[in-house]
Every structure is written in C-alpha cells, then in structure tokens.
Amino acid sequence: MAASIRVRAILNGEIAEVQTLIQHPMDTGLVKDAKGEVIPAHYIQQLTFTHKDKTVFLADWGTAVSKDPYVKFGFKGAAKGDELKVSWVDNKGATDSLTATIQ
Amino acid sequence: MRNFSRGIATTNVMKKIVFALMVSAVCAGSARAASEADYLTALAAAESANKEAGRLRNQWTVTQAALNAAKKAAESGNFDSALKSAQDAEALAKASIVQATSEKQRWKDMEIR
Amino acid sequence: MTASSGPLAHRRLFLKGAGLVALIGLGNAVLHAAPVFAATNDNKYPDDAFRQKNAGDAIKALYGRDHEASDKIKLDAPEIAENGGVVPIAVTTTLPNVTSISFIVSENPFALAASYRIPEGTVPAVANRLKMAKTSNVIALVESGGKLYSATKEVKVTVGGCGG
Amino acid sequence: MSAMRVLLAVAATLGLGAAAIAADKPDPAADAKAFQDYFVKKFPKVAFDDFVNGPYSMNADMRRQWEEKEQFPPYEFALEAGKEMFAKPFKNGKTYADCFPNGGIGIRQNYPYFDDKEGKVITLELALNRCREANGEAPYSYVKDEMASLTAYMAYTSRGKRFDIKIPDDPRALDAFEKGKEYFYTRRGQLNFSCASCHVQSPGERIRAEILAPALGILNAMPIYRSEWSGMGTTSRRIVTCNSQTRAVPLEPQSDEYRNLEYYLSYVSNGLPVSGPGARP
C-alpha cells in the first residue's frame, strides 16, 4: 500500500474529479536546520496519473510546491470502478505509486 | 521669576560643576575599565533576580538571552560589554518580578464580568 | 557502428569497452536534442525551466514564446496568504484545447513553481498549494491552440505572530 | 464635622470591600455566561457554532483558504496515524480503549475533568500519558507528533459533540477554575500581553499575516495542523509557543497553570461543538 499517497477520485457526471495529497517533505534546499546546516533539496519532480494506460494528467513540480503537496484536477472518459494509477518520482530518484478506484 | 537676577551668577557656578563632573567621568571611564569582579557581582545579582522571577513563575526569555550574552562577552575577556549585559539582565529580571507582583491584582481589570 | 562524434569520443570508446553502449546512446541523444520544448510533447522534466531565477527566463525556457493576458482565465488566489508555506492557488479557463497550465511566482528564488500537462479529454483546470517567499505576482499560464495566455494576481505574504 | 466625614469614608470602604469579596466567590456558570455574551455581542454576525473555527470565523479571505485546505486537510496523515496507534496494543496486550470510558471513542468533549481523588484537573493529553505509564509504556512528549496524532483521532471521534466540562461543587475544583481564569487574564512576558490582550480585546484583528482567534471556542479544534509549523500541534504546544511569542519563558507542559487554564477555557466554551483535529495558518 503506498503509504505516502492519498487519492480521492469521484465520478461527477462525465468528469472524474481527482484530489491527491502526498506525504513528502518537499524541501527546497534553501532552508537551514536548527544546527545551521542546509537541509538538502528533496522534492517530488514528476507526478503522473494514468487511466487505461493513457496519461490523463502529468505534474512537473519545482521546489515551490508546498510540503505534503496537494493537487486537484478532472478528466473525462472514466467510468465508476475504473482504475487510476498514480505515481511520483523525486529528485533523489525515490518513487511511490498507488492504484485507486474511481468511485 | 524672583530669583532670575541671581540666575546669571549661578550659571558660572553651574558651569564649573558641570565641567568638573565631565572631567571626572572621563577619567573614571578610562582609568578603571570594568573588571571581572564587577562583572561577576552584576551577574550574581542578575541571576538571583531571575531566580526570584522563576519562583514567581514569570521569567522573560530576554533575561536569559542577556545573561547568555554577558557570559559570552566575559569568555572573550570583554568585561565592559559583559558588565553591561549583566546589568541589562538584572533590569529585565527585576521588571519581570514587578510585572508578576503587580498583575496579582491588576488581572481583574481585564476580566469579562 | 561508427562513433559519429569527435576524436575524444573515439578514445573514450576504446578505454571504456563495457561503457560502449551507454556512450553511443548518449551520443545519439545529444545529436537529437534539437531545441524541442518539453512542455508540449515527451514527458521529460523541464529541469532547465525550473532552474531559471526570473519569470521571463522561466517562461522562455518552458514555452519558448511570449504570453498575452486573457480574460478567459480565472486565477483564484488569496489577497493575503494566511501562510507563505501553504498558499492555495487554482486556475480554470474557457480557452479551447488547452495542452498545458503552469504557475509562476515572480518573487520566488526560482520563478517557475509548477507546470501541468493537460492531455486531450482532461479538464483545463488545476488547484494546488504553493510556497511563496514574499509578496509577489502569481502568473497562471495557459497554452491553448499553440498560443500562450496568462492571468496575473498579486498575493501579499508576510510572517504571522506577534514577535517572539 | 470632619469626624462625620471620616466615619462615612470608613463605612463606604467597608461596604465596597464587602461587595468585592462577595463578587469574588467563584461562580463559574456566571463567568461562562458573561464570557459567551461578550463574544456574541461583539460579533453578532458570527453564528454561535462558528466560533470554534477561530480566525476563519473572523475573515472571509482566510475562510476561503481554510475551506480549500479542508477539502483534503493536511492533518489527514496524523489522523490516520492516530487511529492506528490507538488500536495498537501495548506490550502487555492492553490498549488505550481499556483506559478510557466508552473505549475512548466520542469522549473528547468531557476533557479536561476534575479528579476528586487527586484533587486536580486531568486533561486528555495527561490522561493518555497516564494510560501509557499504567501499561508500562514510556510517556509521549506533550508537544510532539505522537501525542498530536492520538488526540487528533480522539477529537475526530467526538466531532460535533458539544463541550460538556463539569465543575463539581468542590472548593479545589473552584480554585482550579479561578487559577485558570487568573492565568488567562494575567499579563506576562516582555511584550506584557495576557491571553486576553489578543483573544478577548482584539480577535478578528491582524497580527501581520494572521488573524487573531476569539477566545470563545479556541480549544475546540485542538489538536491543530499549523502551516506555520508545517506540522501538528497539541494544546500544550500551542500554549507554550504563545508564551514565547510574548517573550515569557514557558512553563513545563501540563503544569498546574496550563491544565487549570485549559479547564477554564474549555468550561467557558461549554455548548460549542468539538471540531478537532483542525487546520490553522
């Protein structure tokens, strides 16, 4: 189970409304910790949503995206029960993914 | 207005006194820089006042900051600034004590009744 | 199997032996990387655009063209951010066949905050939470029908609390 | 003639003195009523239950930002972690449910309460650590994430239930209430502010980016995820940071002063719904 990704995908008419909250520090690399050392940049760069093997949404993120990032969008052509694959990769190469079902 | 006429005479006297004071201050300033002893007595006074504020559960964060600054300056041998910071700390600690004691009654003024 | 790049590459090929395939691959990529703008087709992360400091350079690096204001873009952002770390910013547009939406925070250390690819069939609207270093213009860019449109709003940002 | 005047003066001061003493016999119910009337009169357009939303009941621009956050709130992770922690048995096999009435579900609105055996105020945070220690586990810090996650889950199970803080007719309980009230109105720190300076005299006003919350219902959303901390905050953490903001040296979390303060503030907010865990600037 992807511990870092929370997805809510709800069909509203013909549009699937998708909200995602991801647990990630999104460190900018410009902040110092209590001891005065710079906390290195550590942020999600790309977040991809695929439905029936087609990318329905792709986010390119910089260091200005908030900690525990959130994004909301909608797309047509989905049906209740369809699967929506969500995956991210960060600047350290770490990744996580989750398959959610459209309610 | 009556003593105005005497005023002129007194001003000369005043000038002499002021002059003398200034001279002695300058001498005092340069001749005897704050010694470590001065600093230590001031530090002790500040710390005991801050301890009293602690007993009254009403210390200020800036008091501790001034104490730390005093100790830091003392470590680098700068007893003038160490003495000054210790005196600041004492003043702050005393103010926090006055605040605690006066508020014992004054808090009621703001109470919603 | 001729190495097409200069003498240096030749020498490297013989030395590395095992690295042969990787180098050739690298050689090809370098050759084909004509000035193509990542925002529109392949899924490459627009690293260069995110490294630009000011808005103008970031937009040029990402879209390679100027933008014109459009009243068909609704940019929703607070007047005074409750906290610079979490500023809710959303955009919707009635412009036709939108392919990309991006957010610029001009006064941030790096102007480009986020960029989104909007494939066919996806609603041209995005909501997200961005960080803002200080009071700044927020620019929402919408690429529609190969042209670039924008909406701008100033968001005031300051710290909270009474002192400490 | 002057003797008469002196007599009158003495009588007057005595009379005043008597009145003052009478007024000072603790009457929590009257205090709560006066407290709530003050805010309802000061903010006639704010719905009673809306006071628990702090700054967001005071400013439309802030409220929109809050409503956006609430769609997928940042405390989601703490809430889920709290739920798991609450169910996970201690090493001795027991769980938190064994320590609390009704298994700890839907009871947040009764905290803090006055324990007549111990003769002191017990807050939810203190009760949780007591439960841990009673079961051989190390207590959690009162200002860190574990305590925030647990209280977030317990608050969530009480959402909508109305604060129902009780003050038994026990002089020690009345004294605790009075001491909490005194702490609330006492100025402290170099900035010389009391809680009331900000949360009674100037709620709705700005301190730089933030809008001051009204004191009425100010604890109903605890624990809170603050963007300022980009993390969770328990009631203890919030009070301790408020102290240092006014340059007062904070006391130990859960010390008498703080528990009595929480007792006072919760009692005067009786009748308002639990809305924790909350999101704040």
Side-chain angles (χ1 to χ4, degrees), chain A residues 1-12 15-34 38-44 47 49 57 59 61-75 84 86 88 90 94 96-98 100-103, chain D residues 55-56 61-88 141 143-146 148-150 152-153 156 159 209-210 221 223-234 237 240-241 244-245 249-250 276-281:
Chain A
M1 206 289 277
S4 71
I5 303 175
R6 300 288 180 280
V7 177
R8 273 191 215 137
I10 298 156
L11 200 59
N12 183 353
I15 296 174
E17 282 170 5
V18 182
Q19 290 180 310
T20 307
L21 189 72
I22 301 171
Q23 193 162 21
H24 196 282
M26 301 299 281
D27 294 323
T28 60
L30 307 168
V31 175
K32 289 198 172 67
D33 63 17
V38 170
I39 301 167
H42 180 207
Y43 60 97
I44 290 175
L47 172 68
F49 295 80
F57 192 67
W61 279 345
T63 54
V65 173
S66 299
K67 175 177 189 269
D68 296 342
Y70 164 84
V71 70
K72 177 179 176 185
F73 72 98
F75 72 97
L84 179 68
V86 187
W88 57 258
D90 68 19
D96 197 355
S97 67
L98 170 86
T101 318
I102 295 170
Q103 306 302 323
Chain D
Y56 305 126
D61 187 39
M62 292 277 270
R63 189 180 193 89
R64 260 197 313 282
Q65 295 177 64
W66 173 55
E67 278 159 356
E68 188 281 333
K69 276 195 298 187
E70 279 295 321
Q71 284 184 25
F72 221 146
Y75 50 72
E76 194 79 21
F77 301 110
L79 188 49
E80 279 172 21
K83 186 170 185 181
E84 269 165 40
M85 287 164 70
F86 197 80
K88 194 154 82 69
S141 148
V143 293
K144 292 262 183 348
D145 286 346
E146 299 87 354
S149 296
L150 282 173
Y153 174 64
Y156 186 73
R159 261 192 183 175
E210 279 165 30
I224 47 175
Y225 180 99
R226 284 200 70 214
S227 303
E228 179 85 19
W229 302 329
S230 60
M232 289 301 288
T234 56
R237 181 177 183 181
V240 162
T241 38
S244 22
Q245 289 238 346
V249 173
R280 288 288 184 275

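Letters A, B, ... are given to chains in the order of the sequence lines, protein chains preceding strands, and every chain is numbered from 1. What you see is a predicted model; the values in this text were computed from it and never measured.
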Greatest number of heavy atom pairs closer than 4.5 Å to chain D - which of A:Gln19, A:Gln23, A:Lys67: A:Gln23

Nearest heavy-atom neighbours spanning D:Phe77 and A:Leu21: CE1-CD2, 3.5 Å

Report yes or no: is the cationic atom of A:Arg6 (NZ for Lys, CZ for Arg) closer than 6.0 Å to the six-membered ring centre of D:Phe72, at no more than 45° off its axis? no

Does OH belonging to D:Tyr156 count more than 12 external heavy atoms closer than 6.0 Å? no

Partner chain A: residue of D:Lys69, D:Glu76, D:Gln71 with the largest heavy-atom pair count (under 4.5 Å): D:Gln71

A:Ser66 versus chain D, the contacting section by heavy-atom distance below 4.5 Å: neither

